[in-house]
Amino acid sequence: MASVNGYEQQLLAITDRATQYGDGCFTTMLVERQSVQLWSLHLARLVMSLQRLAITAPDWQQVYTDVAALALKYPHKGGIKILISRGSGGRGYNPSGCNDTQVIITHFEWPQHYQQWQQQGITLGVCQLRMGNSPMLAGMKHLNRLEQVLLKQEIEKAGWVDAIALDCDDRVIETTVANLFWRKGNTVYTPALLRAGVAGVMRQHVLDILNDLNYDYQVGDFNLAALLTADEVFITNALMTLVPVNQIQTTQYNERTMFKTLWKRLHSC
């Protein structure tokens, strides 16, 4: 099911800049017990993305009203995606004069395999393809996901569940669906995402929790060798929340100290 600007429909104009140029952004939210999780963080990233893209903001109160109504369909778990397009208009790449913001909202059942991942952990590969550096777009969940499409093709061919993506300077960025965290001793590490990658909502929530728990953490540039020396690794996104990593290539991780601490905190709220 989908709605466009609050009206149920399945069609979008072929002139829309989302399809012509990938001109817009999106976010995907977890619904638990009929309630959208981390709405304020999702909203903050959408607002930031639209400001950076110079897209006219929609009526956020109306967007939330529409989202909250859809959340009532999921007494257990579900997902809601908000996609915002600049709409139709402008001339070629030039969006001047286009103020036709379109809000597309879809909803879906929660992916059940995430529960197995959470309980059993996963093994990650390492992609040979490299993500490009693009500071103008880094951090945003913009509509052009061609890098992720190509990385997913590599993963499918290799038979991996997911894999780590490095940038063209061999810095660790993320996996194809999640942000990366790892703990070495008493310090937690995560990539800075200033040149590539998505600044995930759950990533920000985990950093906020670490601040509250007075844990040391570093956000910076790290290579694969630094990651492989970790005591434990886990990945995050809004839908899966936290998933422990059992193995990267041939390197195994048996500890889940930080994962358990964060899991307890997340599920005691």
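The model shown is predicted, which means the values in this text are computed figures rather than measured ones.
Contact detail for K184 and T229: the closest heavy-atom pair is NZ-O, 3.0 Å.
Rounded to the nearest 0.5 angstrom, L262 CG and L213 CG are separated by 7.0 Å. Atoms CD1 and CG, from I209 and L207 in turn, are 9.5 Å apart once rounded to the nearest 0.5 Å.
When side chains are defined from C-beta on, W263 counts as touching Q118, because their heavy atoms get closer than 4.5 Å. The closest side-chain heavy-atom distance from T28 to K141 is below 4.5 Å. By the 4.5 Å heavy-atom criterion applied to side chains, Q102 and V4 are counted as neighbours. Residues M131 and R195 are not in side-chain contact: their nearest non-hydrogen atoms beyond the backbone lie 4.5 Å or more apart. For the pair Y74 and E109, the minimum side-chain heavy-atom distance is below 4.5 Å.
Considering Y253, F234, F259, F222 as possible partners of W182, the one that fulfils the ring pair (Phe, Tyr, Trp, His ring centres under 6.0 Å) test is F222. For the salt bridge (charged side-chain N to carboxylate O under 4.0 Å, His left out) test with R130, the passing option among D170, D169, D167 is D170; the others fail.
Ion pair R256/E232 not flagged as a salt bridge, since none of the NZ, NE, NH1 or NH2 atoms sits closer than 4.0 Å to an Asp/Glu carboxylate oxygen.
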Would M140 and L53 satisfy side chain to side chain contact (heavy atoms under 4.5 Å, CB included), going step by step from the backbone distance to the final call?
CA-CA 10 Å; M140 288 192 291; L53 295 170; 4.0 Å; yes
Side chain to side chain contact (heavy atoms under 4.5 Å, CB included) assessment of M258 paired with L210
CA-CA 10 Å; M258 190 76 256; L210 291 174; 3.8 Å; yes
Hey, mind stepping through S3 and D66 against side chain to side chain contact (heavy atoms under 4.5 Å, CB included) and telling me if it holds?
CA-CA 9 Å; S3 69; D66 294 342; 5.6 Å; no
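A donor atom on one side chain and an acceptor atom on the other are not found under 3.5 Å apart for N254 and Q252. In the model, Q204 has a side-chain atom that pairs as donor or acceptor with a side-chain atom of D208 under 3.5 Å. Under the 3.5 Å distance criterion, with hydrogens and angles disregarded, a donor-acceptor pair is assigned to the side chains of R45 and T27. D162 and T176 form a side-chain donor-acceptor contact under 3.5 Å, judged by distance and modelled atom types alone.
Under the 4.5 Å side-chain heavy-atom criterion for grouping Ile, Leu, Val, Met, Phe, Trp and Tyr, V198 is not connected to L129 through any hydrophobic cluster. Linking ILVMFWY residues whenever their side-chain heavy atoms come closer than 4.5 Å, directly or via other members, places V103 and V67 in the same cluster. Cluster membership check: V201 does not share its hydrophobic cluster with V47, using side-chain heavy-atom separations under 4.5 Å among Ile, Leu, Val, Met, Phe, Trp and Tyr.
The closest donor-acceptor contact from the side chain of Q247 to the backbone of V245 lies at 3.5 Å or more, if one exists at all.
Checked against the 6.0 Å centroid criterion, the rings of Y189 and Y217 do not qualify as a close aromatic pair.
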